[in-house]
There are 2 protein chains.
Amino acid sequence: MNDSNKEAIEDKINYLRTMCKLKGMRVTPQRIEIYKQVANSCEHPDAETVYEAVKHKMPNVSVDTVYRTLASLEDLDMIFRVDNQLPRARFDADKRPHNHFICIKCNEVYDIFFDKDEEIKIPGNAEKFGEVKDINIQIRGICNKCLQEQKNKQN
Amino acid sequence: MNDSNKEAIEDKINYLRTMCKLKGMRVTPQRIEIYKQVANSCEHPDAETVYEAVKHKMPNVSVDTVYRTLASLEDLDMIFRVDNQLPRARFDADKRPHNHFICIKCNEVYDIFFDKDEEIKIPGNAEKFGEVKDINIQIRGICNKCLQEQKNKQN
DNA sequence: TCCTTATTAAGAATGGTTACTATTTAAGTA
DNA sequence: TACTTAAATAGTAACCATTCTTAATAAGGA
């Protein structure tokens, strides 16, 4: 990790501290470490992956703490769940508006950032159902890596 | 249910028969009944709901059969899962392209049909990740019913 | 009808997630 | 800095949606 990344993550953790205080939540080392793991990863990790990573620095951390903390971070809008049809929840700390390409073979999640002129508009009749909080687009398919593997098998 | 609906559902079941034969799958009464339940419902039922409904007609049906059959119907593209962040999978037999408004309070799923001039286009850079199979849009929010209940509580 | 084999019922097992309880700890206060 | 106390944690057990296992059944082709 380079210096600008280190700076960026420090900023994020300071923001986490602020948000915790604002909501009357304590700033615990577990919370910081768990948030760091999600924020530093670009692979949209599941709870198990976060748990394993945190264990390296905090061997006594419990599974329950990881799940509980991921839920708190979600409440703070610091992270959110990636919609998927898999048994495990996946988490994302990137707050920039974006969407996901999910590979149906290997379950990898790729970020899709729209061009400026492609901004998603709320479908005309969506608001008649209620108050819209969040729009989420998933694109499911087979990723290039898996397509290549399929080709290699055929030959 | 009126006559045209009865006709429509018969057509769908005939299509199910055809698809089963095509794929070398047997046409069992359980498959027909389970499919009927999903196809006749507009509430995007979960497996438990389907199980309870089917039990009225087939008291001996097992939970396992329901799950296995829902998975087979998915393989046949007769039904599909609604993306959600809830512990239970929800199913939909409506093959017309549409999307969903999911209430974060009561978990109800509402169908959203786009106007013709609002057709969803694949984001420009999505295809660079691989072969796109399916695009899915969820809109999460609070439905009118729950908004009304909130208002009533406040007064 | 018979035969082959997929499907079924019933219940046990699995696995991701959540709950429980005793203990520890963050952070406000003197 | 020590005290106080509510909140958070570790460790473990429980939960619950879903899937697996086994023996029995039944569909559909020959």
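We name chains A, B, ... by the order of the sequence lines, and we start the count at 1 in each one. None of the values given here were measured: they were computed from a predicted structure.
A straight line from NZ of B:Lys55 to P of C:dT8 spans 17 Å, rounded to a whole angstrom. We find that CG of B:Asn60 is positioned 15 Å from C1' of C:dT7, with the value rounded to whole Å. Protein atom CG of B:Asn107 is 13 Å distant from nucleotide atom P of D:dA17, rounded to whole Å. Taking atom CZ on A:Arg81 and atom P on C:dG16, their separation rounds to 15 Å, with Å as the unit.
If you check D:dT9, C:dT17, C:dT8 against the side chain of A:Tyr67, the one that comes closest is C:dT17. Closest to the side chain of A:Ala47, from the set C:dT17, C:dT8, C:dC20, is C:dT17. Nearest nucleotide to the B:Arg88 side chain, out of C:dT8, C:dA9, D:dA17: D:dA17.
Salt bridge A:Glu131/A:Lys133: present, at least one basic N to carboxylate O contact under 4.0 Å.
Comparing A:Val63 and A:Val27 by the nucleotide of DNA chain C whose heavy atom lies nearest to each, the residue mapping closer to the 5' end is A:Val63. Taking the nucleotide of DNA chain D with the nearest heavy atom to each of B:Pro87 and A:Met58, the more 5' of the two is matched to A:Met58. Checking B:Pro59 against B:Met25, the closest nucleotide of DNA chain C that is more toward the 5' end is the one next to B:Met25.
A donor and an acceptor atom sit less than 3.5 Å apart, one in the side chain of A:Asp64 and one in the base of C:dA19. Evaluation of atom-type donor-acceptor distances gives a pair under 3.5 Å for the side chain of A:Arg26 against the base of D:dA7.
The backbone N or O of A:Asp111 sits nowhere less than 3.5 Å from a side-chain atom of A:His100 that would complete a donor-acceptor pair. A donor-acceptor pair is defined here as one N or O able to donate and one able to accept, closer than 3.5 Å; no such pair exists between the side chain of B:Lys21 and the backbone of B:Leu16.
A:Arg68 comes within contact range of at least one nucleobase, with a heavy-atom separation under 4.0 Å. The residue B:Glu48 sits apart from the nucleic acid: no heavy atom pair falls under 4.0 Å.
In summary, the side chains of B:Asp83 and A:Gln85 do present a donor paired with an acceptor at a separation below 3.5 Å, with no hydrogens or angles considered.
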